[in-house]
Amino acid sequence: MGLAASQGRLLLLTARKSNLEFQAQAISQQRSLLSMQQESISTNYSEKLNNQIYYIKPTGTSSEKTGEKKPLSVAALRERYNGEGSKDRFQVIDTRTGKQVSLTTLAKSDGSSTTPDGPLQRNLQLGVYIIKTEDQDVDDNGVPNGNYKGTYTAISLAGQSEYSLEYYTDDDAGAKADYDKAMQRVQRLDKQLEIKLNQVETQHKAIETETESVDKVISNNIEGSFKYFS
């Protein structure tokens, strides 16, 4: 191979080598994005396994004895605090505004209150909502006597025996299925990229070997030319 032909070949090899390096970089970046997706999938799965919901015991001594409880909802709160009356003896307050949340509106989402994603459940756990109950006079023994004062006091759910925060497991099976499906997809894509990257690296190595060979030919040609003129 002549000097001019060798130099032309070297230029083509250099361009091809640069192209392969760009491909390898792009593939590595795609694999990094897939790795981030894996972390996100794992985080979402962990959150599903560790999500919780509030339960509340209905009013009365029977529920205290049997341990009966219901997912916290507007209906369950009314059962607990309103007794036989129709007047709501509690309030749900939005801490961001300091204003009452419409119980009528909130009650429309009661169906979702059996899950951690229900607005009442979610916002109570986030501290966005708090519950206030109407104050009552007490008798000589310190027992509320049903004489409501019209004032309201915030309660700490963690400090009330009628409330409990428990792990929600109804969505665990679905979360596991979603996790497995998502991870299989990501792992399949990552495997395809790994194979493609190996192919690119193999080509790159071959190009490097050929480049070294062409460099040697060019060096020999130059050396031979100098010897000829000397």
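Between the side chain of R122 and the backbone N or O of P116 there is no donor-acceptor pair closer than 3.5 Å. In this structure, Q91 contributes its side chain and T133 its backbone to no donor-acceptor pair below 3.5 Å. In this structure, S102 contributes its side chain and T105 its backbone to a donor-acceptor pair below 3.5 Å. Side-chain atoms of Q52 never come within 3.5 Å of backbone atoms of Y168 as a donor-acceptor pair (strictly under, hydrogens ignored). Judged purely by atom type and a 3.5 angstrom limit, T95 uses its side chain to pair as donor or acceptor with the backbone of V128. Judged purely by atom type and a 3.5 angstrom limit, S32 uses its side chain to pair as donor or acceptor with the backbone of S28. Side chain of D94 to main chain of R96: a donor-acceptor pair is present (N/O by atom type, distance under 3.5 Å, no hydrogens or angles). A donor-acceptor contact shorter than 3.5 Å is absent between the side chain of S40 and the backbone of M36.
The side chain to side chain contact (heavy atoms under 4.5 Å, CB included) test with L120 singles out one residue from L106, L103, I131, and that residue is L106. Each of E21, Q23, K17 was evaluated against N19; a single residue qualifies, Q23, per the side-chain hydrogen bond (donor to acceptor under 3.5 Å, both in side chains) test.
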Item checked: Steps toward salt bridge (Lys or Arg N to Asp or Glu O under 4.0 Å) verdict (K69, E166) -> CA-CA 11 Å; K69 59 188 179 183; E166 303 178 18; 2.6 Å; yes
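The two residues K57 and E68 have their closest heavy-atom pair at CG-O, 3.4 Å. Residues P119 and S109 come closest through the heavy atom pair CG-OG, 3.1 Å.
Applying the ring pair (Phe, Tyr, Trp, His ring centres under 6.0 Å) test to Y179 and every residue at least two apart in sequence or in another chain returns Y45.
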Could you pull out every donor-acceptor pair under 3.5 Å between side chains of residues 185-195 and any protein atom, sequence neighbours left out?
from, atom 1, to, atom 2, distance (Å)
D190, OD1, R31, NE, 2.9
D190, OD2, R31, NH2, 3.3

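Residues I93 and L124 do not share a hydrophobic cluster, clusters being chains of Ile/Leu/Val/Met/Phe/Trp/Tyr side chains in contact below 4.5 Å.
Salt-bridge annotation for R78 and D88: present, with a side-chain N of the basic residue lying under 4.0 Å from a carboxylate O of the acidic one. A salt bridge is defined here as a Lys NZ or Arg NE, NH1 or NH2 lying under 4.0 Å from an Asp or Glu carboxylate O, and K176 with D172 fails to meet this definition.
Judged by the 6.0 Å and 45° rule, R89 forms a cation-pi pair with Y148.
Note that OH of Y167 and CD1 of I53 are 13.5 Å apart. Values are rounded to the nearest 0.5 Å. In this structure, CD1 in I27 is found 9.5 Å from CG in L20, a value given to the nearest 0.5 Å. Annotation: the span from I207 atom CD1 to T202 atom OG1 amounts to 12.0 Å, rounded to 0.5 Å. One distance of note links CG of L49 with CG of D171; it measures 8.0 Å at 0.5 Å rounding. For the atom pair CG of N147 and CG of D139, the computed distance is 11.5 Å after rounding to the nearest 0.5 Å.
Side-chain contact between Y54 and Q121: present, with at least one pair of heavy atoms (C-beta onward) separated by less than 4.5 Å. For the pair K87/E134, a side-chain contact is recorded, criterion being any heavy-atom separation below 4.5 Å from C-beta on.
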